[in-house]
Amino acid sequence: MASSMMGQLVSPLENGHHVWEDQSFIKWKKRDAHVTLRCHESIEGSLKYWYERNKVNFMVSNSAPWNDDAVPEALDSAALWIKGLPFVESLSGYWKFYLASTPGNVPLNFYHTAFQDSEWETLPVPSNWQMHGFDRPIYTNVEYPFPLDPPFVPVDNPTGCYRTDFVIPKEWKGRRILLHFEAVDSAFCAWINGVPVGYSQDSRLPAEFEITDYCYPCGTDKKNVLAVQVFRWSDGSYLEDQDHWWLSGIHRDVLLLSKPQVFIADYFFKSNLAEDFSYADLQVEVKIDNSQETSKDSVLDNFTIEAALFDSGSWYSSGGSADLLSSNVANLKLDLSPRTVLGFRDYLLVGRLEVPRLWSAEQHLHRYFILMACLVVYTHAQPNLYTLVVILKDTSGNIVDCESCLVGIRQVSKAPKQLLVNGHPITIRGVNRHEHHPRLGKTNIESCMVKDLVLMKQHNINAVRNSHYPQHPRWYELCDMFGMYMIDEANIETHGFDYTGHVKHPTLEPSWATAMLDRVMGMVERDKNHACIISWSLGNESGYGPNHSALAGWVRGKDPSRLLHYEGGGSRTPSTDIVCPMYMRVWDIVKIAKDPNETRPLILCEYSHAMGNSNGNIHEYWEAIDGTFGLQGGFIWEWVDQGLLKDSADGTKHWAYGGDFGDVPNDLNFCLNGLVWPDRTPHPAMHEVKYVYQPIKVSFSEGTLKITNTHFYETTKALEFCWAAHGDGCELGSGNLSLPLIEPQKTFHIELQSAPWHTLWASSSAEEFFLTISAKLLHATCWVEAGHVISSTQVQLPAKREFVPHVVAFA
């Protein structure tokens with residue numbers, strides 16, 4: 001069938017029009033954005049998939065590779081992420097690759113099946129080609145690496161040509177085939193067996209095309225040829241001027257998805273909690289793709305749509321195999337009542353969950369595990385997550401299609417000057433995170449993402465801002481499981497327009513509105529079911545104008561269950577629900593918080609720039625945040641030093657920065673401003689961050705020690721307290737500190753006279769007497785072993801005698 005299509009489709013690249021320089025042409029034959037699809041064969045299969053996929057703990061992070069070993073490990077991760085999915089195949093591996101200097105120099109008809117590519121080199125997919133000796137990385141902070149002349153890009157536009165082949169499994173006979181690119185930088189066109197199947201832009205979101213009619217039939221040994229042409233620069237690059245390395249290529253996985261003729265194409269999980277949180281009304285909006293294009297009613301004549309919720313936390317209660325189906329806690333049925341939303345054409349499932357276990361990032365993930373000869377036995381899991389399964393059945397009750405994901409029951413809302421989660425204000429102890437690997441660039445590995453989360457949790461970081469683009473789909477699942485609040489940010493930044501007087505910001509130009517909206521819609525549609533996301537962001541440093549108003553309107557209409565964030569235009573525009581300045585001085589944020597006319601909470605989207613010996617005055621910010629109503633924290637810039645591994649003349653490797661690759665223009669070492677080194681070794685400043693972010697606060701005044709639990713949900717039940725006394729630098733004594741349970745947002749007082757260290761203090765002749773109070777985890781979690789210190793504070797007790805300074809006399 002593929003050969004018969006050759007004369008029917010013409011690639012947009014073949015008509016002479018430079019589609020990569022036309023902001024109104026952003027996609028061709030691309031399917032609508034949707035959640036990540038799993039293509040399960042059964043309910044049991046979906047539950048087994050998540051049963052295995054949820055088994056993640058800090059031990060995984062110990063194997064995270066940061067050197068050349070990362071190259072094969074990236075391919076292993078791509079295979080791992082689809083394990084247990086019979087209707088999903090990864091095309092990751094070594095592809096044939098040729099880098100042309102310009103689009104005009106691409107080999108003629110390289111996408112034809114008969115084309116000879118034996119002389120081409122190979123390149124791992126996923127990867128950035130600059131990380132494998134082709135072209136060069138470029139680092140800029142603000143300035144575009146090409147002349148600002150939108151939508152045009154340089155004629156010298158490196159263009160990657162990729163080729164690989166595949167065979168459709170015989171088990172997929174009679175099913176539809178989807179070709180799914182998780183992300184390609186910056187624009188690309190794809191062919192199957194010489195037939196153009198699609199074009200897409202947006203370097204950080206998926207592109208999916210149906211290729212059923214272009215593949216050779218199942219059961220034949222004839223290999224299908226996939227060819228891809230990737231442009232380093234496109235008009236989309238004008239919307240991607242983030243402060244990071246400019247790297248190109250197919251940097252996330254490429255998948256084949258197999259679906260039945262009628263299938264679940266998308267679904268949106270929603271939960272509405274009762275005022276007293278005693279139950280949750282559940283809704284799932286389901287979109288069905290029907291290849292016959294029949295009416296909505298005729299679909300219901302031939303199929304039934306259902307959904308079920310399973311309690312994932314009950315699966316690991318024993319070391320044996322779990323009865324996954326018995327964990328069903330709610331069933332959702334089709335609601336056939338008339339829809340009140342104009343234009344609503346999807347299917348609505350409804351149900352109720354009694355006494356829901358609520359999700360938040362605060363819980364300590366009591367996913368206890370026992371280490372026995374490398375066997376990990378899971379016994380309980382928090383944060384509280386459920387597995388949602390959506391099912392399509394035929395009239396005989398047979399399962400036709402099945403999809404699933406992790407979901408959390410939680411409520412995000414607003415109050416005057418407060419962001420609330422489950423009815424309580426939260427404090428954002430956050431960090432900005434770029435996707436960055438010193439050897440791979442933008443390509444992701446499971447163990448490396450886990451390493452980031454383990455380090456964040458161990459240093460009391462509870463929130464991450466995806467700066468400044470949607471990140472790998474697995475990152476969101478891990479944040480759901482580990483407990484991390486998230487701002488998910490659209491792949492829009494036009495910072496370089498700030499410094500030109502002759503070109504308008506894209507947000508002011510109607511011709512850019514569609515491209516900007518497409519990026520926001522793609523983010524929301526892909527990520528909408530993740531509990532960790534408490535706010536959507538319209539992008540970063542892109543000015544402010546009518547296009548942003550349009551983006552904000554669409555997001556608020558699509559998903560009123562979350563807040564909206566956007567710093568551009570002064571951080572207080574109508575398009576943001578959070579006052580979110582960057583690098584604002586302490587006294588200025590306090591002034592805004594005390595402004596009676598400002599009803600929104602203030603959360604710094606960037607602060608405490610972590611470059612060099614930095615983060616020194618972070619305690620001043622937190623004195624203000626802890627003591628001022630209306631201030632709810634912030635996100636440090638940034639998580640990781642963006643150094644890239646480079647060979648030195650003596651054969652060793654070093655971390656390189658802007659200009660080290662001969663890249664012009666560049667912003668030198670301004671990419672090295674993280675809390676951790678490129679290999680995730682913490683900088684010394686991380687200890688200061690852990691301290692100011694710690695949830696247990698200790699102070700001493702007027703003879704009273706105050707221990708405050710600043711959590712909003714968790715008591716101190718899972719903590720063990722201890723004390724240590726030092727006089728003039730010598731330890732005088734230590735011990736456990738027996739305390740009653742401290743409820744959230746409560747303080748326990750200890751009078752000096754009744755404290756276990758009182759005798760030591762009273763009998764000490766030390767001129768300086770310091771007391772250290774520490775709080776440790778009683779049990780292991782998935783991010784750390786038992787005994788980890790989450791809070792430690794040293795206070796000075798009053799001296800027993802007057803302090804006389806020592807005088808050193810010099811002759």
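Residues take their numbers from the sequence shown, with the count starting at 1.
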Between Pro103 and Asn157, is any pair of side-chain heavy atoms under 4.5 Å apart?
yes
Residues passing the side chain to side chain contact (heavy atoms under 4.5 Å, CB included) test with Ser648, sequence neighbours excluded, are Asp650, Thr652, His654
For the pair Asn462 (side chain) and Ala361 (backbone), establish whether a donor and an acceptor sit closer than 3.5 Å, ignoring hydrogens and angles. no
Ring centre gap for Tyr139 and Phe661 strictly below 6.0 Å:
no
Worksheet item: Checking Asp480 side chain against Ala531 main chain: does a donor-acceptor pair fall under 3.5 Å?
Response: yes
* Would you check if the side chain of Asn128 reaches a backbone N or O of Gly441 as a donor-acceptor pair within less than 3.5 Å? => no
Ala463 meets the side chain to side chain contact (heavy atoms under 4.5 Å, CB included) criterion, sequence neighbours left out, with Ile428, Tyr485, Phe635
Does the side chain of Asn67 come under 3.5 Å of the side chain of Arg439 through a donor N or O and an acceptor N or O?
no
| task | Go through the side-chain N and O atoms of Thr140 and Asp667 and say whether any donor and acceptor fall under 3.5 Å apart. | result | no
May I have the step-by-step check of salt bridge (charged side-chain N to carboxylate O under 4.0 Å, His left out) for Lys528 and Asp266, ending in yes or no? CA-CA 11 Å; Lys528 55 183 175 270; Asp266 198 11; 2.9 Å; yes
inquiry  = Please tell me whether Arg163 and Tyr98 have a donor and an acceptor in their side chains that are separated by less than 3.5 angstrom.
reply    = no
Is the distance from the ring center of Trp81 to that of His472 below 6.0 Å? yes
Between His437 and Pro65 the two heavy atoms that sit nearest each other are NE2-O, 2.7 Å
All heavy atoms of Ile461 vs all of Val431, minimum pair found to be CG2-CG1, 3.9 Å
Under a 3.5 Å cutoff, is there a donor and acceptor pairing between the side chains of Ser404 and His40? yes
In terms of the angle between their ring planes, are His434 and His468 parallel, tilted or perpendicular, with boundaries placed at 30° and 60°? perpendicular
**Asn466 versus Glu489, side-chain donor and acceptor atoms under 3.5 Å** = no
task: Consider only side-chain N and O atoms of Ser248 and Gln130, and report whether a donor and an acceptor are under 3.5 Å apart.
output: yes
Smallest heavy-atom separation, Leu205 atom then Gly522 atom, equals CD1-C, 3.6 Å
Short N-O contact, Arg38 and Asp401, less than 4.0 angstrom: no
### Message
Students often mix this up, so state it plainly: with edges at 30° and 60°, are the rings of Trp246 and Trp233 parallel, tilted or perpendicular?
### Response
perpendicular
In terms of heavy-atom contacts, Asn224 and Val167 come closest through ND2-CA, 4.3 Å
Nearest heavy-atom approach of Glu240 to Ser203 is OE1-OG, 2.8 Å
message: Show, in sequence, the C-alpha distance, side-chain angles and deciding distance for Asp68 and Lys653, and conclude whether the salt bridge (charged side-chain N to carboxylate O under 4.0 Å, His left out) test is met.
response: CA-CA 11 Å; Asp68 290 337; Lys653 295 180 183 292; 3.7 Å; yes
Fit a plane to each ring of Trp315 and Tyr51, take the angle between them on a 0 to 90° scale, and name the class: parallel (under 30°), tilted (30 to 60°) or perpendicular (over 60°). tilted
- Query: After noting the C-alpha distance and the side-chain angles of Trp20 and Phe231, does the key distance pass the ring-ring contact (aromatic ring centres under 6.0 Å, His included) rule?
  - Reply: CA-CA 8 Å; Trp20 63 93; Phe231 303 88; 4.6 Å; yes
Side chains of Thr443 and Ser127: do they bring a donor and an acceptor to under 3.5 Å? no
Donor-acceptor side-chain pairing of Glu446 and Ser77 below 3.5 angstrom: no
Quiz item: Given the rule in the salt bridge (charged side-chain N to carboxylate O under 4.0 Å, His left out) test, do Arg433 and Glu638 qualify, once you have shown the distances and angles that lead to the verdict?
Solution: CA-CA 6 Å; Arg433 176 187 183 266; Glu638 66 172 314; over 6 Å; no
message: Looking only at the side chains, is there a donor atom on one of His244 and Lys442 sitting less than 3.5 Å from an acceptor on the other?
response: yes
Ring-plane angle category for Trp129 and Tyr162, please: parallel below 30°, perpendicular beyond 60°, tilted otherwise. tilted
Only one of Arg204, Arg474, Arg252 passes salt bridge (charged side-chain N to carboxylate O under 4.0 Å, His left out) with Glu435, and that residue is Arg252
So CH2 of Trp50 and OG of Ser312: to nearest 0.5 Å the spacing works out to 9.0 Å
Heavy-atom nearest pair, Lys30 first then Gln201, reads NZ-O, 3.8 Å
Taking the six-membered ring of Phe209, is NZ or CZ of Lys29 closer than 6.0 Å to its centre and within 45° of its axis?
no
Next item on the list: Indicate the ring-plane relationship of Trp677 and Trp655, choosing parallel, tilted or perpendicular according to the 30° and 60° boundaries.
Entry: parallel
Regarding Gln242 and Asn491, is there a side-chain donor-to-acceptor distance under 3.5 Å anywhere?
yes
_Before you tell me yes or no, could you show the steps for Thr212 and Arg176 under side chain to side chain donor-acceptor pair (under 3.5 Å), namely the whole-Å CA-CA distance, both residues' side-chain angles and the distance that decides it to 0.1 Å?_
CA-CA 5 Å; Thr212 309; Arg176 297 165 66 178; 5.0 Å; no
- Message: Ring-plane angle category for Trp172 and Phe87, please: parallel below 30°, perpendicular beyond 60°, tilted otherwise.
- Response: tilted
Modelled atom types, side-chain donor and acceptor of His180 and Glu208, under 3.5 Å:
yes
Quiz prompt | Worked verdict on Tyr469 versus Asn540 for side chain to side chain donor-acceptor pair (under 3.5 Å) | solution = CA-CA 9 Å; Tyr469 41 80; Asn540 184 64; over 6 Å; no
From the list Phe115, Phe134, Phe97, ring pair (Phe, Tyr, Trp, His ring centres under 6.0 Å) with Trp120 holds only for Phe115
Notebook entry, point to check: With ring centroids as reference points, do His251 and Phe181 lie under 6.0 angstrom apart?
Noted result: no
Can a donor-acceptor pair be found, under 3.5 Å and without considering hydrogens, that links the side chain of Asp452 to the backbone of Met449? no
